[in-house]
Amino acid sequence: MGWFKRFKEGIQTATKNKKEAPDGLWYKCKKCNETITVKELRDNYYICPKCEYHTRIGSYDYFELLFDGKYDILFDNLVSKDFLEFTDLVDYKDRLVKAKEKTHLNEAITVAVGKIAKKPILISAMDFSFIGGSMGSVVGEKISRSVDYCIEHKIPYMNISKSGGARMMESAFSLMQMAKTSAKLSQLARKKIPYFSFLTDPTTGGVTASFAMLGDINFSEPGALIGFAGPRVIKETIKRDLPEGFQSSEFLLEHGFLDFIVDRKSLRTKLADLLTLFSDPQAA
Amino acid sequence: MVFLEFERPLEKLYEQLEKIRQIESEGDIDVTDKVKELESKIKTKQKEIYSNLSGWQKVQLSRHPERPYSLYYIETMFKKFVELHGDRTYGDDKAIVGGIGRINGQTLVVIGHQKGVNTKMRQYRNFGMANPEGYRKALRLMKLAEKFNYPVVCLIDTPGAYPGLEAEERGQAEAIAKNLLEMAQLRVPIVCYIIGEGASGGALGIGLGDRVYMLENTWYSVISPESCSSILWRSWDHKEEAAESLKLTADHMLEFGLIDDVIKEPLGGAHNDPEKMAKILKSHIKKEVATLMELTPQRRIDQRIKKYCKMGVYQTAAAE
């Protein structure tokens, strides 16, 4: 072994020797620790230029990335209500207020309609920053209304999942959103309108076990965590370590649950191709 | 007999009753009055205990080791029941059972979670936690029912879908999601009963129907109180509070409009008189199936989907 081989991985600099950088200017990759400016990251589709790690981005980032410029937000006036008066360490009421303040969003899902390569499409996209992207009544209702909108306007539907699963603070109501969204998607299927399900990091629990897995086409970003049970729960159940890459999008592709994995840079082109193929099946 | 913590006052009374009966069998002392007195005492105590159960106590009752499971009901209620196995793709899940049978001249397909009755069987049944092939077996049986126009009855009793490594590899999420999609459009009636535990997606995976009923001492929730406590309180010690917060009892679920009705259990719970419970369930199934069979398939499907679309509480914010 050469003398230059590094024995210890990661940063060894003591905290007192750490060079401070102002927030919002620099981004340090969670995976490879590469430090780049936020602008560089943004220009690279929020992908680490060194290790290709796809950072978690929000609904509006996807809208900006995908739509041909202009798009309209739909159903944004639907907001959650703490009707069970659910209390754990924090009241659900307060959690909702805090989530809204932190994210400037009304809920864990935002719906927009617009065009990709001149083809109309409705996209609903989830925000992990809003209570873990969890699915409560509003998420279910927005998906339900999205389906109705797509049926009425005969346009394809795409959902971008990014969620820890059902929202515990809405108990059985959140569970029933699995049934509600699946039932609505069955209506969309009957009308032969395409549904594209795009699973991003992370997609787990009741979201995976309902609308996220029901796409005519299921696809994902590289390296996303996708599963039913969370890795920690599985580890506790089977009492051994999980294999490398378990529940990653690559793992799901290998096991037959995804159609393909797409780099964020190529996402728009790929979608444009799909939309063309589905909307003009007999084009010259 | 197994007594739960809150049933302890009953244990003493039952012990006394047992002793008196022994005395009766040994000698010729007349104890009829004493027996009667004790029996009425037990009944009063039972009424007192079971009419005021907390959420957590109902959770405990739903898991009572002597509580009847799916196969008990099926064998008691059905005539000529033939159990069917396998998902035709991977294997035969032991945590979900199903088959074809008859109630009052009507052929039905019945599907249910199955827990084991003793330690060995509990393992064999994987504690009622199904793998993807269980949900796929259930779907296969529903498709069989659809083909021949037989109604489907689902008996739900699970602590959740199995969170294992192989379950993920074989697509636990996809299996449940597919069932939800297909059950929404199934052309035959589906009647679901929560007969014990109704935990999360594992319960819902065979739980979407035209009608959903809960037995009195059961629960239905997005997560078990234990797991909820561990996630939200970051400790296992808050399961009682979690059970209250989740509002998971049959009465709550009815109040929220998430189920169609609560079915009364015999005094002291289903395990106190399983035969009577099976009888109640049987006549209920008979009635429900007959009513639903009168509707056209499309009408049933429309009503079913409409029912689920109504589930959810939210408010409309003023536009900013």
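Heavy atoms only: backbone and side chains are in, while hydrogens, waters and symmetry mates are out. Just so we're on the same page: letters track the sequence lines, and every chain starts at 1.
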What part of [X] gets within 4.5 angstrom of chain A, counting heavy atoms only: side chain, backbone, both, or neither?
X: B/I223; result: side chain
X: B/I301; result: neither
X: B/R170; result: backbone
X: B/L208; result: side chain
X: B/M183; result: neither
X: B/E169; result: both

Heavy-atom pairs under 4.5 Å with chain B, option from [options] with the top count:
options: A/A183, A/A209, A/G140, A/G230; value: A/A209
options: A/R167, A/E236, A/K235, A/K180; value: A/K180
options: A/R232, A/Q247, A/E254; value: A/Q247
options: A/L242, A/L89, A/I238; value: A/L89
options: A/V79, A/T237, A/D76; value: A/V79
options: A/T87, A/V138, A/V233; value: A/T87

Side chain from CB out, backbone as N, CA, C, O: work out which of these in [X] comes under 4.5 Å of a heavy atom of chain B, or both, or neither.
X: A/F75; result: neither
X: A/L78; result: both
X: A/F246; result: side chain
X: A/S210; result: both
X: A/Q187; result: both
X: A/L185; result: both

Looking only at heavy atoms, what is the nearest atom pair of [X] and [Y], with distance?
X: A/Q177; Y: B/M311; answer: NE2-O, 3.1 Å
X: B/E168; Y: A/A229; answer: OE2-N, 2.9 Å
X: A/L214; Y: B/K178; answer: CD2-N, 3.9 Å
X: A/A172; Y: B/Y220; answer: CB-O, 4.2 Å
X: A/M176; Y: B/L204; answer: SD-CD1, 4.1 Å
X: A/S137; Y: B/V313; answer: OG-N, 3.0 Å

_Residue among B/R234, B/Q172, B/M253, B/E174 with most heavy-atom pairs under 4.5 Å to chain A_ = B/E174
Distance (rounded to the nearest 0.5 Å) between [X] [atom1] and [Y] [atom2]:
X: B/L186; Y: A/S186; atom1: CG; atom2: OG; answer: 11.0 Å
X: B/W219; Y: A/S171; atom1: CH2; atom2: OG; answer: 9.5 Å
X: A/E141; Y: B/C309; atom1: CD; atom2: SG; answer: 8.0 Å

Would you say [X] and [Y] make side-chain contact, with heavy atoms under 4.5 Å?
X: A/M168; Y: B/C228; result: yes
X: A/F173; Y: B/V222; result: no
X: B/I176; Y: A/M178; result: yes

*Neighbour count >12 (heavy atoms, 6.0 Å) for atom CZ, B/R122*: yes
*Looking only at heavy atoms, which of residues 158-166 of chain B get nearer than 4.5 Å to chain A?*
B/A161, B/Y162, B/P163, B/G164, B/L165, B/E166
